[in-house]
Amino acid sequence: MKQRYLVGFLAMLAVVLNSCDPQLTVTEAVGMTPIYASGEESSISLTGVRDYENLGGIVYKAPYIYLNESYRGIHVVDNSDPLNPVKVAFISIPGCNSFTLRNDMIYAISGRDMITLQYASNTLAEVNRITDYFAADQALDQIVPPNFNGFYECVDPSKGLVVGWVQETLQSPECRTN
Amino acid sequence: MVLGVAVGMLACSSNDGSLDSSSSGEVLSGSYARMLAIGSKLYLLGTNTLHVLDITNESSPQAISSQFVTENIESLFFNDKHLFVGSQDGMYIYSLNAEGIPQFESVTSYEFWPDVLPCDPIAANESYAFSTLSTTIASGSPCQRWVQINELRVFDISDVTEPVNINTVQMEEPKGIGIDGNLLFICENTNGIRVFDITDPTDLTMIYSDTGFAARDVIPANGLLLVMGDNNIHQYDYNDINNITKLSLYEIKD
């Protein structure tokens, strides 16, 4: 128990030390830079398998396992043989952090939009889009880097949907989490 | 060894087909789900709002309802009767009216010190709800806090307007949670999976564990257990609870 509070205290001390002198004008800082969807990633598409990171929600509809990669899309794994699963496709959905399935349909969030995709016989088609359905849910836009304290490059929505964040050295950063 | 498992599986399939849940088209979600299709409705979470769309026409969802829940909502679970919304401040329970619109029943606060808001997915059966509360001191984690809370809470929900905390079990760093019959499956984040017999919810019995790997979320699928790590899918056969067997480890990263 003692140890638990000691660890807590040290963590708190680290936060206090970390946040000193907020008036300081910063010309250079290590912080986060948004990654905007580009190329194939900026549109909804069915692609071959790709590498995988940032696990989001998971859905099992036998024999397939669907894995959301946060803000990028859905990996499809054929689990017909649980001894030997095989990754078979990637469904690129920029800004997707949530989805589910019903028969052939995939319901997903894409940035501020609610979209419906039909996925069957290895083809993908967008069949419905409710534009700006999530306009009031600003956090879905990734305007601020999630789970992060410090400086970041302000998001420019005209550059597209933010699909992730990367740590970089920033020149005169104007945005900071609080 | 591999042959043995394969033969075992064949035997299973021919007996009751329990490893083959493909027949129903059933959709099973991990405990961090934020969107569920239930009946003719689609329920989903925004950052602080529970939205409902009608999907009677599956290819043309119609928005029918949105209601504020609280800030920092994280997970959505349905126990065939009630909707459970997991947030960092408590467990929210909703019933569904005849039109499928959620009706607020209760919020059960986790009652920690101010600003200590653990991460907390929920799983429930008809009578009991289970919530894993976790924090970490690791920076960069969405669950970084200055006080450490890592426990499983068990609530009697026979009266959904007033859930009663009947048991609390200390855990390492519990994350994803799944329930199937009398079995409860809990991911320990960086230390594998634990399986509990919940026949007596006031006295859980651990019947299986497999430790030493990243485990974030879990889906029990009628005898087949899926455990997601950062880069791997671990699968187990739990048709025989006295002999839970690891089936495979699939590296999904590349």
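Letters A, B, ... are given to chains in the order of the sequence lines, protein chains preceding strands, and every chain is numbered from 1. Remember, it's a predicted structure, so these values are computed and weren't measured experimentally.
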Going from CD1 on Ile58(A) to CG on Leu28(B), what distance comes out if it is rounded to the nearest 0.5 angstrom?
-> 10.0 Å

Separation of Leu36(B) CG from Leu101(A) CG (nearest 0.5 Å) | 11.0 Å

With a 4.5 angstrom heavy-atom cut-off, which part of Ala37(B) approaches chain A: side chain, backbone, both or neither?
-> both

Highest number of heavy-atom pairs under 4.5 Å with chain B: which of Asn68(A), Ile65(A), Asn79(A), Asp104(A)?
-> Asn79(A)

Counting heavy-atom pairs under 4.5 Å with chain A, the top scorer among Ala63(B), Ser60(B), Ser59(B) is Ser59(B)

In terms of heavy-atom pairs under 4.5 Å with chain B, the winner among Pro85(A), Gly56(A), Ser80(A), Ala108(A) is Pro85(A)

Turns out that what part of Gln235(B) lies under 4.5 Å from chain A's heavy atoms comes down to side chain

Classify the angle between the aromatic ring planes of Tyr133(A) and His51(B) as parallel (below 30°), tilted (30 to 60°) or perpendicular (above 60°).
-> tilted

From CD1 (Ile219(B)) to OH (Tyr60(A)), nearest 0.5 Å = 9.0 Å

Okay, Ile252(B) and chain A: the region with an atom under 4.5 Å from a heavy atom over there is both

Heavy-atom distance under 4.5 Å to chain A: side chain of Leu53(B), backbone, both or neither?
-> side chain

Region of Ser31(B) in contact with chain A, defined by heavy-atom distances below 4.5 Å = neither

Ranking Lys61(A), Arg129(A), Arg102(A) by heavy-atom pairs under 4.5 Å to chain B gives rank one to Arg102(A)

Could you tell me whether Glu174(A) atom CD has more than 12 heavy atoms of other residues or ligands within 6.0 Å of it?
-> no

Taking Ser248(B) for the side chain and Pro82(A) for the main chain, is one N or O donor matched with an acceptor at less than 3.5 Å?
-> yes

Could you state the interatomic distance from CE (Met105(A)) to CG (Leu42(B)), rounded to the nearest 0.5 Å?
-> 12.5 Å

Go through the steps for Met114(A) and Leu44(B) under the test side-chain contact (heavy atoms from CB on, under 4.5 Å), then give the verdict.
-> CA-CA 10 Å; Met114(A) 176 74 211; Leu44(B) 58 108; 3.9 Å; yes

Taking only residues two or more places apart in sequence or in another chain, which ones pass side-chain hydrogen bond (donor to acceptor under 3.5 Å, both in side chains) with Tyr238(B)?
-> Asp180(B)

Identify the heavy atoms of Tyr52(A) and Asp230(B) that sit nearest to each other, and give their distance.
-> CE2-O, 2.9 Å

Residue selection (most heavy-atom pairs with chain A, distance under 4.5 Å) from Pro61(B), Ser29(B), Gly30(B) | Pro61(B)

Heavy-atom pairs under 4.5 Å with chain A are the metric here; pick the option from Lys253(B), Arg216(B), Met228(B), Met35(B) that has the most.
-> Met35(B)

Among side-chain atoms of Glu53(A) and Asn231(B), is any donor-acceptor pair under 3.5 angstrom?
-> no

Pick from Val86(A), Asp51(A), Thr100(A) with the largest number of heavy-atom pairs that fall under 4.5 Å of chain B = Thr100(A)

Look up atom CG in Leu45(B) and atom CZ in Phe134(A), then write down how far apart they are to the nearest 0.5 Å.
-> 9.5 Å

Segment of Leu76(B) engaging chain A (4.5 angstrom heavy-atom cut-off) | neither

